[in-house]
4 protein chains.
Amino acid sequence: MNRPRRTDPGRRERILDAVLDLIARDGSAGATYRSVAEASDVPMGSMTYHFPTRDDMLLAAFERLADQMHGRFDEIMAEPLDGEDPRERVVQLIVTQGAGYGRDMVLSAELYALAVRDERYRVLIQSWMERSRASLRRHFPAEAAPVIDALQEGLVLHSHISTEPFDVDRVRGAVYRLIEPTAVSHAEVPAEEAR
Amino acid sequence: MNRPRRTDPGRRERILDAVLDLIARDGSAGATYRSVAEASDVPMGSMTYHFPTRDDMLLAAFERLADQMHGRFDEIMAEPLDGEDPRERVVQLIVTQGAGYGRDMVLSAELYALAVRDERYRVLIQSWMERSRASLRRHFPAEAAPVIDALQEGLVLHSHISTEPFDVDRVRGAVYRLIEPTAVSHAEVPAEEAR
Amino acid sequence: MNRPRRTDPGRRERILDAVLDLIARDGSAGATYRSVAEASDVPMGSMTYHFPTRDDMLLAAFERLADQMHGRFDEIMAEPLDGEDPRERVVQLIVTQGAGYGRDMVLSAELYALAVRDERYRVLIQSWMERSRASLRRHFPAEAAPVIDALQEGLVLHSHISTEPFDVDRVRGAVYRLIEPTAVSHAEVPAEEAR
Amino acid sequence: MNRPRRTDPGRRERILDAVLDLIARDGSAGATYRSVAEASDVPMGSMTYHFPTRDDMLLAAFERLADQMHGRFDEIMAEPLDGEDPRERVVQLIVTQGAGYGRDMVLSAELYALAVRDERYRVLIQSWMERSRASLRRHFPAEAAPVIDALQEGLVLHSHISTEPFDVDRVRGAVYRLIEPTAVSHAEVPAEEAR
DNA sequence: GATGAATGAGCTTTCATTCAT
DNA sequence: CATGAATGAAAGCTCATTCAT
């Protein structure tokens with residue numbers, strides 16, 4: 001009834017999280033000004049103050065998603081190897097994403113659906129991909145990155161569609177075959193092909 | 001003005017093609033009863049006669065898409081090898097789809113976005129994937145199929161997002177590395193590693 | 001609550017009358033889908049079925065107005081003269097409109113405001129004016145019509161703005177001076193300058 | 001980016017001119033606080049400081065319009081006659097306004113539409129009309145003014161609606177017939193019916 | 001079987017206005 | 001004095017779906 005809430009720090013972030021939750025549950029179409037306003041406890045009339053159009057809101061939400069996902073990606077890639085085969089990190093990445101609840105997967109799928117038809121979302125993915133590749137280049141040669149990316153994308157996507165149990169060994173097999181074992185990080189000792 | 005259209009054979013197919021065209025252009029949300037009716041020259045009131053709910057209509061359209069796309073996939077895979085390395089077919093597949101106009105890609109992306117949240121679409125993709133794998137098994141061992149699938153998916157998807165030119169040699173490199181050269185078709189002569 | 005109203009003849013006319021009433025009271029901006037729906041007892045969701053856009057609705061309403069007003073205009077002009085000076089009819093017209101409640105005046109003013117910026121309304125007025133002039137030509141030469149029209153318009157408009165009482169004699173003076181007494185109807189006897 | 005604008009003289013006038021421009025283009029409804037603020041480069045939050053309600057703003061803008069238009073009117077009327085028939089001035093007035101771009105006409109039409117329903121705008125027009133008549137009385141008897149006014153109004157209005165080319169001679173004919181040639185200015189020599 | 005008419009629900013967006021600073 | 005942030009109210013319009021014919 002009587003919430004002045006003249007200042008509400010973090011409101012923007014709260015809105016964007018609500019947007020992502022709703023998209024994860026109901027698809028992009030489900031993130032309406034109404035549903036988002038309710039989910040984030042912001043008056044509907046205020047939504048357009050923060051995001052003039054619904055599309056601005058979606059785009060901002062996906063930018064946030066890209067940041068968050070890259071953060072998790074980079075965390076895994078940044079950890080020191082300690083003699084471990086760097087390819088194991090890629091396996092871990094794929095397995096983590098493939099086995100997870102799938103919020104990220106659902107959101108990525110929506111993002112791709114938007115991106116194939118809309119330049120703005122395409123640019124967003126491009127810059128995200130570029131950041132991922134930069135992370136990969138810590139351990140792998142530049143040419144390998146796009147292919148690793150693609151394999152990861154395809155495996156994770158299919159893992160969420162398929163009924164078959166996720167097969168870690170198959171993933172490992174594919175990753176190891178795809179990436180040259182000599183393709184070690186510039187700073188790491190190759191080690192004895194750990195694991 | 002005065003179209004009796006007492007019998008209208010092919011109406012169902014015309015509707016579904018219109019649905020796919022509209023989804024390709026505007027996303028799933030763009031295929032409304034209204035827009036589809038107009039695009040396929042069918043009275044709006046008749047739409048629910050043919051497809052009781054909008055979702056039935058979308059699902060039927062994607063079934064049609066799966067059939068069409070599998071047809072093209074299988075055509076490429078079915079052609080006799082004549083001593084050619086079967087992996088070259090996979091390369092051809094990826095290149096064809098990756099370089100194409102993208103209608104299929106756009107539609108696939110929409111389908112995946114639906115599938116990750118809706119069982120019915122997931123089942124549709126599963127059966128489609130199963131058919132693809134059956135086609136792949138003509139030339140490759142069963143275990144290889146899912147990985148080939150995944151790589152293909154990822155490469156094609158990224159090719160439609162990326163600004164970089166499509167690199168055939170990189171695709172070939174990945175495919176050849178991923179699939180054992182000994183994994184020849186049961187009926188074919190290995191040949192001299194053509195190309 | 002439970003009004004099936006599957007068939008509702010005259011609904012279109014009822015809507016348009018409500019539109020005109022609302023415009024007369026609140027201006028064009030006051031005839032919203034909402035207000036009109038309520039005033040004409042039609043579900044709001046049905047409004048766009050009958051008039052796809054609000055502008056279509058307004059235009060149709062003003063077409064109805066033009067018909068109604070021309071009907072009244074023509075009635076006065078059509079009555080046989082019986083030896084009366086035809087110019088007296090023009091005086092009568094102006095006085096009737098100028099002294100009236102002003103619904104017509106208010107509506108005309110709104111129509112003009114739309115017409116000066118929108119071709120469609122301009123065309124509507126043009127055809128209305130042409131019909132008026134056809135009526136005038138029964139009694140006056142073709143060249144006189146536009147000027148009579150204009151004088152009438154100006155006098156009626158100002159009568160609704162001015163605080164001064166409406167002066168019939170001044171109107172008569174202006175009309176008689178403006179129109180040649182010899183400009184009699186083709187079928188009438190000039191008579192002795194009646195009145 | 002960083003406009004201090006500590007003092008901004010002429011802001012009020014700039015705002016009102018923007019209001020009039022917007023009304024001319026989009027009608028009264030088009031002059032919103034937002035659109036006006038943008039067009040006049042004034043912060044939106046400041047609009048209500050200068051004009052507490054939107055209606056205050058519109059009224060002030062039309063007051064400005066009345067001043068401007070009367071200024072132009074009076075200029076034409078004030079010029080010494082040098083033996084010219086004063087009625088020629090009226091012709092000139094009508095022709096000038098009728099042939100012009102129509103900004104004034106559009107604005108007048110909007111003003112009338114407001115005036116027929118709102119006392120405040122009616123009062124504004126009344127005082128404007130009174131000033132016009134005062135100007136007319138320099139050359140014509142008091143009784144003639146209202147009729148000249150009305151004819152002018154009607155002719156100009158119709159000229160902006162009609163598709164026919166503006167006919168100067170018809171205007172002159174009407175003006176000369178409507179106004180007694182003896183109705184000369186108190187200070188002028190009648191002259192030989194100059195043309 | 002096929003469809004024109006109809007509608008409840010909900011959508012995105014605009015807007016006048018308020019008010020703490 | 002001036003203004004950025006905010007919001008309740010309402011606007012035009014779309015749409016999936018129903019149903020009498």
Side-chain angles (χ1 to χ4, degrees), chain A residues 1-9 11-12 29-37 42-58, chain B residues 3-8 11 29-37 42-58, chain C residues 1 3-9 11-12 29-38 42-58, chain D residues 3-8 11 29-37 42-58:
Chain A
M1 277 305 103
N2 189 3
R3 282 180 280 98
R5 187 166 16 243
R6 194 55 50 160
T7 58
D8 181 0
R11 172 176 277 200
R12 191 186 153 90
T32 69
Y33 273 140
R34 267 178 175 63
S35 63
V36 173
V42 168
M44 230 226 10
S46 300
M47 295 301 304
T48 47
Y49 177 74
H50 297 284
F51 303 100
T53 74
R54 184 177 169 271
D55 203 64
D56 291 336
M57 182 177 76
L58 291 188
Chain B
R3 286 178 276 93
R5 189 175 7 259
R6 194 51 55 124
T7 58
D8 183 359
R11 173 178 277 202
T32 68
Y33 274 142
R34 268 174 181 65
S35 63
V36 173
V42 167
M44 228 269 293
S46 300
M47 294 303 302
T48 45
Y49 172 72
H50 296 284
F51 302 99
T53 74
R54 183 175 170 271
D55 204 63
D56 292 335
M57 182 176 76
L58 291 189
Chain C
M1 281 299 108
R3 282 179 279 96
R5 185 160 24 236
R6 192 56 51 162
T7 57
D8 181 1
R11 173 176 276 202
R12 192 186 151 89
T32 70
Y33 273 141
R34 270 171 175 68
S35 63
V36 173
E38 190 175 10
V42 168
M44 230 231 0
S46 300
M47 295 301 303
T48 47
Y49 176 75
H50 298 283
F51 302 99
T53 73
R54 184 177 168 270
D55 204 63
D56 291 335
M57 181 176 78
L58 292 188
Chain D
R3 283 178 279 93
R5 191 175 4 258
R6 193 51 53 124
T7 58
D8 183 358
R11 173 177 276 201
T32 69
Y33 274 143
R34 268 173 181 66
S35 62
V36 173
V42 168
M44 229 269 292
S46 300
M47 294 301 303
T48 45
Y49 172 73
H50 295 284
F51 302 99
T53 76
R54 183 175 169 270
D55 204 63
D56 292 335
M57 182 176 76
L58 291 188

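In what follows, chains are A, B, ... by sequence order, proteins preceding strands, each numbered from 1. Because the structure is predicted, anything quoted here is derived from the model rather than measured. Atoms considered below: every heavy atom in the structure, side chains included; atoms not considered: hydrogens, waters and symmetry mates.
When the side-chain nitrogen and oxygen atoms of A/Ser46 are compared with OP1 and OP2 of F/dT7, one or more of them lie within a distance under 4.0 Å. Side-chain N/O atoms of A/Arg11 include one lying less than 4.0 angstrom from OP1 or OP2 on F/dT7. Side-chain nitrogen and oxygen atoms of D/Arg34 include none within less than 4.0 Å of the OP1 or OP2 phosphate oxygen of E/dT13. Between A/Thr32 and the phosphate of E/dC11, there is a side-chain N or O to OP1/OP2 separation shorter than 4.0 Å. In this structure, C/Tyr33 reaches the F/dC13 phosphate: one of its side-chain N or O atoms is under 4.0 Å from OP1 or OP2.
Pairing each heavy atom of B/Arg11 with each of B/Pro43, the nearest pair is NH2-CD, 3.9 Å. For the pair D/Tyr33 and D/Phe51, the tightest heavy-atom approach, listed with the atom from each and the gap, is OH-O, 2.7 Å. Contact detail for A/Met57 and A/Ala31: the closest heavy-atom pair is CE-O, 3.8 Å.
Qualifying side chain to side chain donor-acceptor pair (under 3.5 Å) partners for C/Ser35, counting only residues two or more places apart in sequence or in other chains: C/Thr32.
Atom C1' of nucleotide E/dT17 and atom CG of D/Asp55 are separated by 14 Å, given to the nearest angstrom. One atom, CE of D/Met57, and another, P of E/dC15, lie 11 Å apart when rounded to the nearest Å. Protein atom CZ of D/Phe51 is 16 Å distant from nucleotide atom C1' of F/dT3, rounded to whole Å. What separates CG of C/Leu58 from C1' of F/dA11 is a distance of 13 Å, to the nearest Å.
In this structure, B/Gly30 and A/Gly45 both approach DNA chain F, and ranking their closest nucleotides by distance from the 5' end singles out A/Gly45. Judged by closest nucleotide on DNA chain E, B/His50 is the one of A/Met47 and B/His50 placed further toward the 5' end.
Within the structure, every pair that satisfies the side-chain hydrogen bond (donor to acceptor under 3.5 Å, both in side chains) test and touches residues 47-57 of chain C, not counting sequence neighbours, is listed here: C/Thr53-C/Asp56, C/Asp55-C/Arg120, C/Asp55-C/Tyr121, C/Asp56-C/Arg120.
One cannot find a donor-acceptor pair under 3.5 Å joining the base of F/dA11 and the side-chain atoms of C/Arg54.
Relative to the side chain of D/Tyr49, the nucleotides E/dT13, F/dG4, F/dC1 differ in distance, and F/dC1 lies closest. Comparing F/dT17, E/dG4, F/dT3 by their nearest atom to the side chain of B/Met44 picks out F/dT17. Which of F/dT17, F/dT3, E/dT14 sits closest to the side chain of A/Thr48 comes down to E/dT14.
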Intra- and inter-strand pairs of DNA chain E in dot-bracket (Watson-Crick or G-U wobble, both distances under 3.5 Å; | for another strand) | .||||||||||||||||||||
